[in-house]
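Order of listing sets the numbers, starting from 1, for every ligand and every atom in it. Predicted model, so just to flag it, every value in this text is computed and none were measured.
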Amino acid sequence: MSLHGVITGWGKYLPQRVLTNQDLERIVNTSDEWILTRTGIRERRIVGDDESVSTMAVEAGRRALEVAHLSPGSLDLIIVATLSPDKLIVASASLVQDAIGAKKAAAFDVVAGCSGFIYALATAYQFIASGAYRNILVVGSEAVTRYINWEDRGTCVIFGDGAGAVVVQANEQATDMLHFLMGSDGSMARALYVPSPCDKLTEMPQDGHLHLLMEGREVFKFAVTTMAEASRQVVKEVGLQLSDIDLFIPHQANDRIIQAAAKSLGIPREKVYINVDRYGNLSAASPPVALCEAVEEGRIKEDDLVLLVAFGAGFSWAAMLLRWSPGLA
Ligand code: COA
């Protein structure tokens, strides 16, 4: 008997503290007008002092389990996609597993830049299709602002914190996941990274600070081209047309990147989901938070064709086509 994965639950968590562009004007030499016209971001959330990737993942994960009507004890696996784990040694997924009481679940993290959630989701579907597991919690959770150099105006205006989660469950009939693709170009690692204390000593930053470093223009060019190409490819390979898509959920990095990608694909504005204005770039949490909000706002209905696409550090990229059918399981 073959098993098929389907998303049956979704949830999100955004920290309470809001940092507006006006707040940033008081911290660094920038302006609301510059940030808005160059990125489309108005405000972002900042992780609380008593919060972390695992605590936010727990909140989002609990909500997703409630929607799926699934108890934590039924989970076989927890995957957390993150760039900002609580600890370098210990998967944040293990902390989530303990906190929610998922006693029989295996747990691991996925590190694939802002594409990490789609990588993790694709992995979950494989575990179900192989027959290994039936109930999987997939989370994207980020506290990237902890890496931010608040004197670097090129990066501090862009990122925000939060978490999104989905439950993927096995059923005997069909899957909602029509196709996915993932890619990597490690030659561009230096365009967007955070140094690690475990790197070659010659690679350590002179000032000893482990801040996020980014070549904004390089990333921008890569983002537009890659999101458009990955979207075209994933739709073509499954024999569909871009015009068949009901909702396009691109990685919420920058409104200009989103609009350029959508334009190149010929996807009209009303079919593009956008929340970058409220949250900034949530890294690996961006796709699940956007997916969750789109469902909650009624932007996705049963049987809709949804295209998720993301790019990020690595460079990495990933795209996934879903035929939304939570009722299957
Ligand atoms: N406020 C005011 N001025 C700023 C600024 C800020 N926050 N950040 C940069 N500037 C200045 C620069 O210093 C530069 O000034 P100069 O011309 O006097 O040297 C000028 O604005 C233009 O800088 P540039 O880097 O060319 O701007 P840009 O149009 O490329 O926008 C980003 C910068 C970062 C918004 C844009 O490159 C971007 O979004 N890149 C992708 C980033 C991304 O998505 N990262 C995450 C990937 S998952």
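Applying the side chain to side chain donor-acceptor pair (under 3.5 Å) criterion to Glu297, with sequence neighbours excluded, gives Tyr273. By the side chain to side chain donor-acceptor pair (under 3.5 Å) test, Arg134 is found to be paired with Glu172, residues two or more places apart in sequence or in another chain being considered. Partners of Thr225 according to the side-chain contact (heavy atoms from CB on, under 4.5 Å) rule, which considers only residues two or more places apart in sequence or in another chain, are Glu229.
Ser54 contributes no side-chain N or O that, together with a main-chain N or O of Val96, makes up a donor-acceptor pair within less than 3.5 Å.
Residues Phe180 and Ile7 fall within the same hydrophobic cluster, defined by Ile, Leu, Val, Met, Phe, Trp and Tyr side chains chained together at heavy-atom separations under 4.5 Å.
Each of Asn29, Thr30, Trp34, Arg38, Thr39, Cys114, Arg153, Gly154, Val157, Ile158, Phe159, Leu192, Met214, Gly216, Arg217, Val219, Phe220, His251, Ala253, Asn254, Arg256, Ile257, Asn281, Phe311, Gly312 has a non-hydrogen atom positioned under 4.0 Å from some atom of ligand 1.
The only option from Asp277, Asn281, Asn21, Asp23 that meets the side-chain hydrogen bond (donor to acceptor under 3.5 Å, both in side chains) definition with Arg44 turns out to be Asn21.
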